[in-house]
Amino acid sequence: MSTAYKQKREGRGIQVDQNRNGAIDSPIQAYLEELCRRFAKNRDGDVATYIPELAKADPEWFGISIATSDGQVYEAGDSRQTFTIQSISKPFTYGLALEDRGRDAVLAKIGVEPTGDAFNSISLAPGTGCPLNPMINAGAIAAASLVAGRSPADKLERLMAVFSFYAGRHLDLDVAVYESESQTGHRNRAIGHMLRNFGILTEDPEPVLDLYFRQCSIAVDCHDLALMAATLANGGVNPRTGERAVRADLVPSILSVMTTCGMYDSAGEWVYWVGMPAKSGVAGGVLAVLPGQLGIGIFSPRLDAHGNSVRGVAVCKELSQTYNLHLTRAPRALHAAVRSRYTLASISSRRMRHEAERKLLDADGHRARVYDVHGDLTFSAVEPLVRQLVDISADVEVVVIGFRRAEHVDDAASRLLLDLALRFAASGKHIVFVSLQRHPGVRRFLEEGAAASGVRLPVFRDIDPALEWCENLLLRSSTPALTDPGSVQLVDHNICRGMAPQELHVLEGLLEPRRFGADDLIIREGDAAQEIYLLMRGEVSVTVDLPNGQRERFSTLAPGMAFGELAVVNRGVRNADVRADTEVECYALSTAAFDRLGETHPAIKITVLENLLRNVARMLSRANQELATLAS
Ligand code: GLN
């Protein structure tokens, strides 16, 4: 960390600039401005003159820009001063050639070995005449020849479009610089003709050289370079526009040659001190990429002996050290994937269970485990999960994996999870996948992979039905088997617990039988509450309609349970819908009758209230337990 920056961070001499909205300036912004001020004092190096037009650059121009892989751009100094991209174009054209011709065809013509030679060296592999890599001019000219198109104009148009996708805006040529290089580029012409001689170019070298000169003359600024770099950092998609500039699987190939060859004969020093795939250009631009995280664009025209911007290199060194950006300092790969885990003994589905079922699930719940995963699921993130699941596999029947908070699941992680699910299935156990809506490709991969092995994977949109599925699985495999009561008699209803036969008789006199068809709305949210319902046969669900149009289930009730009691006790309005899931029979107890009962038979009313309270208490302690489990 620089001394000046350290002092600022430690509070000595912090200048908190208030901007017009009253918000403070970002410390990152302030740091970039400080870098501009500090490194402006470095006047080493010389502006390139071999392309006459470049000699006109103001040597004091100096801009810095950082773009994050989610599209935030910080910029300082002359970050909007345009300049020609020059050799920074090479990785992008290489990517286009890979996309147009395929990896094999490109590798057959252009190697991936660093040369240790200068950018304009005429170094071709002995024997084959292949350029050693696509970052030196020979390799870049060969890459330009591989851009597909019906005519030179078509090729240029395709190339410009791709560069514009990277930058997220329409880019243009600096015609003066193009003409200047085209008129003086004898050395590059020599390279082009050498390539023709060795059959690396199979056509007239002149149009290829022309395309190369034009790609080098694309006008950009630091803001563009940072976003182009961030697009590579972001797997080929511009983080601002969301548009893809290059196929994701080609990005590592582009970044590899940038790492080993991007800074020419100082590539080793660069990787040692900065540690980011990068590319420089003779106009003074430097572009660096930290995969997955950010892109950097710097512009300052004075060059060192390698042809790299002096200030650009110096600023990148400091940025890398201050913000720990060196590739080999990857933040400890994780952030293991597991965000929370629990068993069915501590969290249950929203289906209310009878006493006997509940007891069984309390006892057996540990045989069903739930793992919620989050973040980016790669090999290193998923490996600890796989390890845990292998370890517990002897003790469980079913494992639920919830993907609601997973950002990205790569193919290595998908393969591991599929393999694990198949191994579970082979020993009669299950892995249940939940909330894969945001990852349809992963879902397809898992389902198709399982189907190919004759396995049907349980996949659910939401955790609640998945938990219910697991509970049913545990209940089915229990001995002795529990039989679903289907219907209850009044004497067995929860509400009547502890009542003497004559009390039961009195209560029965106040109840009105009601029948509903499947899907009938029994209670409507917002209506005045006038009845308590005793469910005798069938099932009902308590639901609310969410603002997003979806319906959320609070609970599903079975015979022997009561509903609608809360609003009656506090004499309010209904706060949820209750709908019949099946044909339903119940008894309704009106508030008026309940009040009368208090006058004629207070003991019975007390018993009913106690029983209702017991249910509420059970629900509350369940909810508390869930909260505690999820908070831990
Ligand atoms: N157009 C320049 C050339 O071919 C690009 C070189 C560079 O930026 N290093 O000489």
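Because the structure is a prediction, the values reported are computed rather than measured. Order of listing sets the numbers, starting from 1, for every ligand and every atom in it. These numbers come from the heavy atoms of this one structure, side chains and all, not from hydrogens, waters or symmetry mates.
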Could you tabulate the donor-acceptor pairs under 3.5 Å formed by side-chain atoms of residues 217-230, not counting sequence neighbours?
unit_1	atom_1	unit_2	atom_2	d
S217	OG	Y178	N	3.4
S217	OG	F213	O	2.8
D221	OD1	H223	N	3.1
D221	OD1	D224	N	2.8
H223	NE2	R80	NH2	3.1
D224	OD1	R169	NE	2.9
D224	OD2	R169	NE	3.3
D224	OD2	R169	NH2	2.8
D224	OD2	D221	N	3.0

Query raised in the report: Ignoring hydrogens and geometry, is there a side-chain-to-backbone donor-acceptor pair from W270 to T259 under 3.5 Å?
Result: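 Checked: no pair found.
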Query raised in the report: Partners of R103 by salt bridge (charged side-chain N to carboxylate O under 4.0 Å, His left out), sequence neighbours excluded?
Result: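 R103 satisfies salt bridge (charged side-chain N to carboxylate O under 4.0 Å, His left out) with no other residue.
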Query raised in the report: Closest heavy-atom contact between F198 and L124?
Result: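 Result for this residue pair: CD1-CD1, 3.8 Å.
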Query raised in the report: Using a threshold of 4.0 angstrom between heavy atoms of the protein and any atom of ligand 1, which residues qualify?
Result: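 Shell around ligand 1 (4.0 Å, heavy atoms): Y50, Q86, S87, F119, N137, E181, N188, Y212, C216, Y264, G281, V282.
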Query raised in the report: Is a side-chain donor-acceptor pair under 3.5 Å present for H408 with D376?
Result: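 Result is no, nothing qualifies.
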Requested in this report: Could you pull out all residues at least two apart from V442 that satisfy side-chain contact (heavy atoms from CB on, under 4.5 Å)?
Outcome: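 Checked V442 against side-chain contact (heavy atoms from CB on, under 4.5 Å); matches are V409, S414, L436, H439, L446.
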